[in-house]
2 protein chains.
Amino acid sequence: MGASSKPKAETAPSSIRKTVQGEIIRTVFEDARCPLSPREAHVLALQIQPRIGIATVYRTINRFIEEGFLAPVDIPGVGTHYEAVGGQHHHYFYCGGCGRVYVIPGCPGQISAMLPAGFRMERHDIVLHGRCRDCAGQ
Amino acid sequence: MGASSKPKAETAPSSIRKTVQGEIIRTVFEDARCPLSPREAHVLALQIQPRIGIATVYRTINRFIEEGFLAPVDIPGVGTHYEAVGGQHHHYFYCGGCGRVYVIPGCPGQISAMLPAGFRMERHDIVLHGRCRDCAGQ
DNA sequence: TTGTGTGCAAATTGTTTGCATCACG
DNA sequence: CGTGATGCAAACAATTTGCACACAA
């Protein structure tokens with residue numbers, strides 16, 4: 001939220017440092033093929049460096065978001081996930097069978113046609129729910 | 001999740017009773033023009049009956065969902081909201097200015113065209129973000 | 001050396017649950 | 001009356017924050 005209205009002083013750092021933990025977490029998201037939850041990212045980071053705390057993961061994720069490296073992905077019913085920004089425009093498919101989140105490239109047109117008069121759209125999220133190829137059979 | 005694998009015994013009630021609190025909460029959602037968060041529903045219910053606890057609101061909402069009266073609406077970045085089922089197919093618009101959730105009737109076609117081969121879609125959610133008519137000017 | 005980032009634990013916030021009690025049917 | 005529903009508080013889970021210390025620059 002805004003940083004200028006809170007009396008909290010919010011001492012914004014004047015420079016960002018490169019740290020071992022930060023780079024590990026960055027790598028975890030870069031290597032991930034799908035959006036990760038903070039917990040998943042933490043587990044993966046722990047496999048590389050067994051001392052990273054969950055608080056560091058959260059703080060680093062938030063820093064990465066401000067930095068523009070990560071973007072939040074909210075899947076209804078599941079906690080917030082995060083993914084590295086960079087690919088082309090895409091959406092998500094959540095499999096109710098295995099719980100995995102798939103990235104779906106592309107986008108249906110006509111989205112802005114839904115917009116009521118006078119409204120301004122800055123962004124849109126589409127999440128499909130169902131069964132992925134592996135889970136569809138059952 | 002499945003109800004048969006847990007050793008919890010989950011004593012499912014064999015009948016559902018009509019109570020004062022339940023009817024108040026039902027009315028709150030019926031009268032609402034937009035999806036409500038549990039907290040919002042609680043505040044509205046308290047205006048009618050000042051003794052309703054937040055736990056009752058949650059329990060009642062979950063009962064209504066199983067009953068098919070309510071459906072969850074997840075708006076990225078905001079907590080889960082709930083709305084009365086019944087209208088025609090629609091989606092949502094979240095205003096970053098005033099925080100209100102608007103219902104948008106209609107739906108862009110071509111959604112299923114995004115689906116990868118072998119995947120089965122059971123449902124889709126679309127959330128638009130931006131500024132509503134009231135907030136667009138600023 | 002300076003000040004940012006980390007670890008750990010406590011604090012918050014949102015949601016669920018245990019238990020004694022209430023009240024619908 | 002018997003069982004489902006309620007209130008309150010404690011329990012949980014997810015995320016943030018305070019503080020002392022470690023370590024980039």
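Naming convention: chains lettered A, B, ... in sequence-line order (proteins, then strands); numbering from 1 in each chain. Please read all numbers here as calculations on a predicted model, not as lab measurements.
- Taking B:R59 as the reference, nothing meets the salt bridge (Lys or Arg N to Asp or Glu O under 4.0 Å) condition, with sequence neighbours excluded.
- Scored by the ring-ring contact (aromatic ring centres under 6.0 Å, His included) test, A:F29 finds no partners at all (sequence neighbours excluded).
- By the ring-ring contact (aromatic ring centres under 6.0 Å, His included) test, A:H81 pairs with no residue at all, sequence neighbours left out.
- Residues passing the salt bridge (Lys or Arg N to Asp or Glu O under 4.0 Å) test with B:E122, sequence neighbours excluded: A:R131, B:R120.
- With sequence neighbours left out, B:H91 forms a ring-ring contact (aromatic ring centres under 6.0 Å, His included) with B:H89, B:H124.
- For B:D125, the salt bridge (Lys or Arg N to Asp or Glu O under 4.0 Å) test picks out B:R123, with sequence neighbours left out.
- For D:dC8, the OP1/OP2 oxygens have a side-chain nitrogen or oxygen of B:R51 closer than 4.0 Å.
- The main-chain N or O of A:I52 is never found under 3.5 Å from a side-chain atom of A:T56 such that the two would form a donor-acceptor pair.
- Over its full length, the helix from C:dT1-D:dA25 to C:dG25-D:dC1 turns its helical axis through 30°, comparing axes from the five pairs at each end and rounding to 10°.
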Contact letters for nucleotides 20-25 of chain C, in which S counts primed atoms plus P, OP1 and OP2 and B counts the base, heavy atoms under 4.0 Å: ---BBS

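- Shown here are the side-chain contact (heavy atoms from CB on, under 4.5 Å) partners of B:V103, two or more places apart in sequence or in another chain: B:P35, B:E83, B:H90, B:Y92.
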Give every donor-acceptor pair under 3.5 Å between a side-chain atom in residues 104-117 of chain B and any protein atom, sequence neighbours left out.
none

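- Rounded to a whole Å, the CD1 atom of A:I61 is 15 Å from the C1' atom of C:dT6.
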Check nucleotides 12-16 of chain C against the protein and report each pair of N or O atoms closer than 3.5 Å, with its distance, or say if there are none.
from: C:dG14; atom 1: OP2; to: B:R39; atom 2: NH2; distance (Å): 2.8
from: C:dT15; atom 1: OP2; to: B:Y58; atom 2: OH; distance (Å): 2.2
from: C:dT15; atom 1: O5'; to: B:Y58; atom 2: OH; distance (Å): 3.1

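- With sequence neighbours excluded, no residue forms a salt bridge (Lys or Arg N to Asp or Glu O under 4.0 Å) with B:E66.
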